[in-house]
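Here's the structure we're looking at; comments come further down.
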Amino acid sequence: MATAPRDVARWAVVLGTVGVALAYVSAFAPPLIARSGQTLMAIATPVLLVGVLGLGAFDGPTMRARPRRVLPWAFVGLALWLALGFALAVSRGPSDAAGARLLGLPWAAALVLYGLGAVPAVLLPVLYAWVYEAVEREAPGDASPDGAS
Amino acid sequence: MTPWLLQTAALPEAASPIVGRVMIAYALIVIVVGLLASRVTRSASDFFVAGKSLGLVTTGLAAMAATLSGFAFIGGPGLVYTLGLGAVFIVLPVALTNTMTAWVLARRLRRLADIREMITIPDAIAARYQSRAAQGLAAVAILVAVLGYAATNFLALGLVLDAVFGVGRTTAIWGGAVLVVGYTVTGGILAGVWNDVVQGVLMAVASALVFWYALDVTAAAGGLVPLLLTHAPEMLGATGRSTPLAALSFYFVFGLGTLGQPHVVHKFFMLRDDTKLRWFPVILSFAMILSLLLFVGVGLAMRALVASGVAEAPATPDAVTPLFLLRFTPPVLAALVFAGTAAAIMSTVNAFLNIGAAACTRDLPRAFGRPVRNELRSGRVWTLVLALLATVIAERSGLLVSFLGIFGWGLFASTLVPSLAIGLNWVGATRSGAIASIASGLLCTLVLETLAFTRAFQFPSGVTATACALVVSLLVFFVVSWWTRSTAATTLAPDVRAILED
């Protein structure tokens, strides 16, 4: 069983959950603390969700096949991408819609719809299909002693 | 669950010959499908898990149809109209959840169904933890949620039928209930799944067409984005009119909670061959994105049209979609969306009744050590009983249906996400952790939602009872599992362990 990446994923889930819990607790506190709670929530939510994704994805066959080198980094990249997007989204006020446009949308709307919505919606299913195919192809010859990590 | 997920207010009247004819045609399709399915439903396995006979596309469309209730076409656009992009955070997690469900649950649930006789989600929990108590507790949570959710959906179906046929709310609720119960009792989940395929295609096509009309109509009035930037710029802010914490809460609850929706994830038991899962997220994502275009497009378009004086303001947010359809789209398309909305509700109710009946037929009797001999007959009887109860609650409407309806999504999420989604991917999870987590999720959801509903306690903006219960049940799951970690190995049967580790 691939323990190392799964352990990291499990800790990400635990820490993400604690982060979300603290963010909610901070909402009961004075405004200054509550605002930092929003930033914490923006970071903890992707850490938690991508951690769950990793728990499922870092299974034995995957970690014995070629994607074992790519997948963890892809998930780290995804968590960073989402956390950055959320942090940017919560750092700007609701009236901050005007200004530069991206593909026809104000940047704030583009950040949400394209950055947080379309990009992962397209890339993740493709990543899943690629990993699935690689694991299926390599599974019969799965005898690499270092592959079990 | 927050009350805005519930459609309890009357819709604008949509009575027109073509809308009525399309609805009747759709009802006939549903009846024929139900009759066909009843001819091949011969066992409890056929009734509850379609005899594990579904292909990939069917499973994908069925999962989508069960996920999207009438909220996607009626309540959702109304919420976007009210909150702007803040409401989009409800559907944004779809970018993650389709793939996450495949990685976290699909293959493991399907393989569990191969090694054990398994037709319900509590069955999977019982197999994972070798615990009838965990199975029984999960079944209780499912039953409570199903009753409330089914009642609100029967009410929503009645409101749609009343808007189209003008027959009065009571007649419409009972008419809709008879139709749904008819095909659910006779054809079981197979009838539901076959109807889901028709409905899924209908929803995706109708949603894409309505989205095109939304862009077209607003383009003629000056353009969607320019109109909003001129008249209501805050709608296009990153979190719209909702607070940042509220928007992120949407993302958290709907992102993680998806893994605990039994009427959706139990579709994986029905898959004929788990090696076909490769394209599952692609198919599901494509269908979901198409179906959710209406959710985003109509709410923003109506806000732009109302703010610029082109359209009159809707009386309630739920009237946004019907008003847009009746005013700005051809009658045939309006008819298709109304049929699609009714179909979405029927499909969701079918799935709920099915898992509720499975809880009464299989999980609760087994938890008490008294398995039912004829599960097919018992399943049909319980489907009828639950449907009757839900319809009576819906027909009485008012406070009771709103109160019960709030328990749906949140109860599923807080009781099933830790024990099922995390538990199937972590060999260190223990039986005590699972039982404590399900019990705390159940208790927290019931208590916190009741406090919030009765306004005995007011949460700060952005904090919801659902989110709190989900966090508490996760923390309890981890802490108790860690505390009882010495029992983790004894909790796992060797064949189940092999699936978890592979």
Side-chain angles (χ1 to χ4, degrees), chain A residues 1 6 9-10 13-14 17-18 20-21 23-24 27-28 34 37-38 41-42 45 48-50 52-53 55-57 59-61 78 82 86 88-98 101 104-106 108-109 111-113 116-122 124-129 132-133 136, chain B residues 84-86 88-89 92-96 98-100 102-105 108 225 228-229 233-241 244-245 247-249 251-252 255-256 259 275 277-282 284-285 289 296 421-422 425-428 459-463 467-468 471 474-475 478 501-502:
Chain A
M1 182 185 180
R6 260 194 172 173
R10 195 176 67 253
V13 176
V14 173
T17 307
V18 171
V20 171
Y24 282 136
F28 293 86
Q38 291 172 5
M41 184 81 176
T45 303
L48 167 54
L49 292 176
V50 176
V52 173
L53 202 56
L55 266 186
D59 58 8
L78 175 67
L82 291 174
F86 285 139
L88 276 174
V90 302
S91 67
R92 312 305 288 255
S95 59
D96 191 40
R101 297 220 192 154
L105 290 176
L111 168 74
V112 171
L113 294 176
L116 299 172
V119 170
V122 170
L124 264 182
V126 173
L127 180 68
Y128 179 85
Y132 201 95
E133 192 268 339
E136 287 290 305
Chain B
L85 285 187
V88 173
F89 278 73
L92 271 188
V94 162
L96 256 63
N98 298 328
T99 307
M100 189 154 67
W103 250 320
V104 173
L105 288 173
R108 289 188 176 84
V225 171
L228 284 173
L229 287 179
E234 73 282 4
M235 304 297 280
L236 292 180
T239 58
R241 283 182 175 168
L245 188 62
L248 291 170
S249 268
Y251 196 94
F252 164 65
L256 196 59
L259 294 172
T275 62
L277 278 169
R278 181 182 176 193
W279 297 111
F280 178 81
V282 172
L284 188 55
S285 296
I289 288 169
V296 180
I422 310 288
N425 292 279
W426 177 35
V427 292
F459 287 99
S461 172
V463 183
C468 290
V471 169
L474 276 167
L475 290 175
F478 285 122
E501 291 189 335
D502 193 12

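Reminder, nothing fancy here: chain letters follow the sequence lines and each chain counts from 1.
- To the nearest 0.5 Å, atoms CG (N425(B)) and CG (L55(A)) are separated by 5.5 Å.
- Contact between A129(A) and R278(B) at its shortest, heavy atoms only, is O-NE, 3.2 Å.
- Annotation: salt bridge (Lys or Arg N to Asp or Glu O under 4.0 Å) contacts of R10(A) (sequence neighbours excluded): D7(A).
- Put simply, CZ on R101(A) and CG on L229(B) are 5.5 Å apart, with the number rounded to the nearest 0.5 Å.
- Taking CG of L85(B) as the reference point, atom CG of L116(A) lies at 10.5 Å (rounded to 0.5 Å).
- For chain A, the nearby part of V88(B) is the side chain; its heavy atoms alone come within less than 4.5 Å.
- With values rounded to the nearest 0.5 angstrom, W103(B) atom CH2 is found 4.0 Å from L127(A) atom CG.
- Only the side chain of F478(B) has a heavy atom closer than 4.5 Å to any heavy atom of chain A.
- Using a 4.5 Å cut-off between heavy atoms, L48(A) touches chain B through its side chain atoms alone.
- In terms of heavy-atom pairs under 4.5 Å with chain B, the best-connected choice from A121(A), G56(A), G104(A) is G56(A).
- Heavy-atom pairs under 4.5 Å with chain A were tallied for A421(B), A467(B), G462(B), C468(B); the largest tally goes to A467(B).
- Closest approach of A21(A) and L475(B) over heavy atoms only: CB-CD1, 4.1 Å.
- The contact between I289(B) and chain A is made entirely by side chain atoms (from C-beta outward), counting heavy-atom distances below 4.5 Å.
- Across A89(A) and T239(B), no two heavy atoms sit closer than the pair O-CG2, 4.4 Å.
- Ranked by heavy-atom pairs under 4.5 Å with chain B, the first of A57(A), A118(A), G117(A), A109(A) is A57(A).
- The two atoms that bring V225(B) and P106(A) nearest to each other are CG1-CD, 3.8 Å, heavy atoms only.
- Taking the six-membered ring where the residue is Trp, F86(A) and Y251(B) present perpendicular rings, their angle passing 60° and hence far from 30°.
- Ranked by non-hydrogen atom pairs under 4.5 Å with chain B, the options T45(A), V20(A), L124(A) are led by L124(A).
- Across L245(B), V296(B), L284(B), the residue that shares the most heavy-atom pairs under 4.5 angstrom with chain A is L245(B).
- Remark: T17(A) OG1 to L474(B) CG distance equals 4.5 Å, nearest 0.5 Å.
- The closest side-chain heavy-atom distance from L236(B) to L105(A) is not below 4.5 Å.
- Only the side chain of F89(B) has a heavy atom closer than 4.5 Å to any heavy atom of chain A.
- When every heavy atom of G237(B) is checked against every heavy atom of A108(A), the shortest pair comes out as C-CB, 4.2 Å.
- Going from atom CZ of F280(B) over to atom OH of Y132(A) covers 11.5 Å, rounded to the nearest 0.5 Å.
- Heavy atoms closer than 4.5 Å to chain A are found in both the backbone and the side chain of V463(B).
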Report the C-alpha distance between Y128(A) and L277(B) in whole Å, list the side-chain angles of each, state the deciding distance to 0.1 Å, and finish with yes or no for side-chain contact (heavy atoms from CB on, under 4.5 Å).
CA-CA 10 Å; Y128(A) 179 85; L277(B) 278 169; 3.8 Å; yes
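- Nearest heavy atom pair, residue V52(A) against residue M100(B), reads CG1-SD, 4.1 Å.
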